[in-house]
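What follows is a set of notes on a single structure, which appears directly below.
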Amino acid sequence: MSRIDDVCIRWLWLAAWLVVVQPSAAYGGAPPARLLDVAAAADLRYAFEELAPAFERQEGVRLRFSFGSSGQLAAQIAYGAPFDVFFSANEEFVERLARRGAVVAASVRLYAVGRLVLWVRRDAPLDPARGLRLLDDPRVRFVAIAHPDHAPYGAAAREALIADRRWLHVRAKLVYGENVGHALQLVQTGNADVGLVALSLALAPPVAPQGRYWLIPQALHAPIRQAAAVTARSARQAEARAFLAFVTGPVGRPVMRRYGFVLPGEGP
């Protein structure tokens with residue numbers, strides 16, 4: 001790749017970051033003196049929004065979240081997007097960033113293992129208890145998953161469908177979300193009949209009353225091991241480390257557990 005190509009890609013990713021991060025700002029008016037930019041996998045949205053007020057009170061630091069697909073966020077960090085800390089849904093993305101010096105290797109930490117579910121709207125005439133056999137139902141015209149090329153839950157969904165020998169049949173029904181949160185939205189809005197999405201989203205208070213789910217067996221896909229790290233370019237590394245410790249500490253762990261995450265040292 002030429003230097004010109006590399007510079008062009010860098011600017012494209014930075015432009016994409018600006019598009020992603022600005023609507024996510026939770027606070028209006030002038031930015032506070034201490035503001036931490038957090039890049040986070042889309043499955044963390046509701047858990048982190050619940051944790052944020054307690055951390056802000058404790059540390060006096062405002063959090064600004066950018067939720068998206070882990071692969072896209074990792075690429076933005078690799079090309080200089082100014083995040084302070086990265087919570088990925090795939091530990092490999094964090095380890096790659098550590099190898100190229102984009103995150104602080106000593107800060108890399110496994111914080112959770114995610115679970116995949118089959119999700120339908122509560123008013124849909126479909127029974128999720130049928131498991132993946134439900135996808136053979138002729139009433140299921142569209143199945144939403146996150147894009148498997150850059151979203152860990154999409155990759156896990158594809159892996160589960162292949163392991164269950166349904167990939168070739170279901171592939172024609174697939175519609176792709178930019179991330180697992182977008183895949184859920186496709187079902188919520190009626191643009192898909194079924195979604196393979198994160199348990200943490202299915203359990204979130206705004207989502208739980210809307211749908212029903214079936215837990216996809218872990219044996220059908222590799223564990224969704226989620227890791228985090230402080231970015232090397234962050235000027236707020238102490239605050240970033242504090243948030244990472246908060247999520248994995250005595251306040252964060254019960255919240256993460258309630259959203260269906262398996263925590264390090266717990267479960268299989």
Short side-chain to backbone donor-acceptor contact, Glu56 and Leu63, under 3.5 Å: yes
Path from Phe246 to Val85 over hydrophobic side-chain contacts below 4.5 Å: yes
Side-chain heavy-atom pair Tyr153, Pro148 within 4.5 angstrom cut-off: no
Least distance between heavy atoms, Pro223 atom then Val113 atom: CB-CG1, 4.4 Å
Residues that Tyr176 engages under ring pair (Phe, Tyr, Trp, His ring centres under 6.0 Å), provided they are two or more places apart: His147
Asp84 side chain to Val38 backbone, donor-acceptor under 3.5 Å: no
Check: Ser70 side chain, Ala41 main-chain N or O, donor-acceptor pair, under 3.5 Å: no
Atom pair OG1/CZ of Thr231 and Arg233 - distance to nearest 0.5 Å: 7.5 Å
Shortest non-hydrogen separation from Trp214 to Pro128 and the atoms involved: CB-O, 3.1 Å
Acceptor/donor pairs from residues 96-110 side chains to any protein atom, 3.5 angstrom cut, sequence neighbours excluded:
from	atom 1	to	atom 2	distance (Å)
Ser107	OG	Val104	O	2.7
Ser107	OG	Val230	N	2.9
Arg109	NH1	Thr248	OG1	2.6

SB check Asp136 Arg130 (cutoff 4.0 Å): no
Joint hydrophobic cluster, Val170 plus Trp167, side-chain heavy atoms closer than 4.5 Å: yes
Short N-O contact, Glu59 and Arg34, less than 4.0 angstrom: no
Gln226 versus Asp43, side-chain donor and acceptor atoms under 3.5 Å: yes
Stepwise side-chain hydrogen bond (donor to acceptor under 3.5 Å, both in side chains) check, Asn90 with Ser88: CA-CA 5 Å; Asn90 184 330; Ser88 170; 5.6 Å; no
Nearest heavy-atom neighbours spanning Ala202 and Val117: CB-CG2, 4.1 Å
Side chain proximity check, Leu35 to Val61, heavy atoms < 4.5 angstrom: no
Side-chain touch Val194/Val187, heavy atoms, less than 4.5 angstrom: no
Flag, side chain of Arg115 to backbone of Ile224, donor-acceptor distance under 3.5 Å: no
Donor-acceptor under 3.5 Å (Lys173 side chain, Ala192 main chain): no
Between CG on residue Leu36 and OG on residue Ser234, distance to nearest 0.5 Å: 6.5 Å
Side-chain ion pair, Arg225 and Glu92, N-O less than 4.0 Å: no
Backbone of Pro82 reached by a side-chain donor or acceptor of Gln76 within 3.5 Å: no
Closest non-hydrogen atom pair between Ala183 and Ile145, with its separation: CB-C, 3.6 Å
Heavy-atom check, side chain of Pro206 versus side chain of Tyr46, under 4.5 Å: yes
Matching residue for Leu118 among Leu126, Leu134, Leu215 - test: side chain to side chain contact (heavy atoms under 4.5 Å, CB included): Leu134
Leu244-Phe67 co-clustered via ILVMFWY side chain contacts under 4.5 Å: yes
Candidate list Leu203, Val197, Val120, test side chain to side chain contact (heavy atoms under 4.5 Å, CB included), partner Tyr213, passing option: Leu203
Identified side chain to side chain donor-acceptor pair (under 3.5 Å) counterpart of Gln210 within the set Arg121, Gln188, Arg122: Gln188
Working for side chain to side chain contact (heavy atoms under 4.5 Å, CB included), residues Arg166 and Arg171: CA-CA 8 Å; Arg166 281 186 163 77; Arg171 189 167 53 178; over 6 Å; no
Reported CZ-to-CG distance for the pair Arg133 and Asp127, which is rounded to 0.5 angstrom: 9.0 Å
Shared hydrophobic cluster for Leu174 and Leu220 (ILVMFWY, side-chain gaps under 4.5 Å): yes
Evaluation steps, side chain to side chain contact (heavy atoms under 4.5 Å, CB included), between Val207 and Trp119: CA-CA 11 Å; Val207 178; Trp119 193 88; 3.8 Å; yes
Same apolar cluster: Leu168 and Phe142, side chain cutoff 4.5 Å: no
Short side-chain to backbone donor-acceptor contact, Ser200 and Tyr259, under 3.5 Å: no
Closest approach of Leu161 to Leu135 (non-hydrogen atoms, all atoms of both residues): CD2-CD1, 3.6 Å
CD1 on Ile216 to CD on Glu159, rounded to 0.5 Å: 11.5 Å
Greater than 12 external heavy atoms within 6.0 Å of Tyr111's OH: yes
Check against side chain to side chain contact (heavy atoms under 4.5 Å, CB included), Asp149 and Arg158: CA-CA 10 Å; Asp149 287 351; Arg158 178 174 59 187; 4.0 Å; yes
Closest approach of Asn179 to Ala42 (non-hydrogen atoms, all atoms of both residues): OD1-CB, 3.6 Å
Partner set under ring pair (Phe, Tyr, Trp, His ring centres under 6.0 Å) for Phe48, not counting sequence neighbours: Phe65, Phe87, Phe243
Rounded distance [0.5 Å steps], NE2 in His150 versus CG in Leu73: 10.5 Å
Separation between CG of Asn191 and NE2 of His182, rounded to the nearest 0.5 Å: 8.0 Å
Step-by-step side chain to side chain contact (heavy atoms under 4.5 Å, CB included) determination, Met256 to Leu44: CA-CA 9 Å; Met256 295 291 284; Leu44 296 169; 3.8 Å; yes
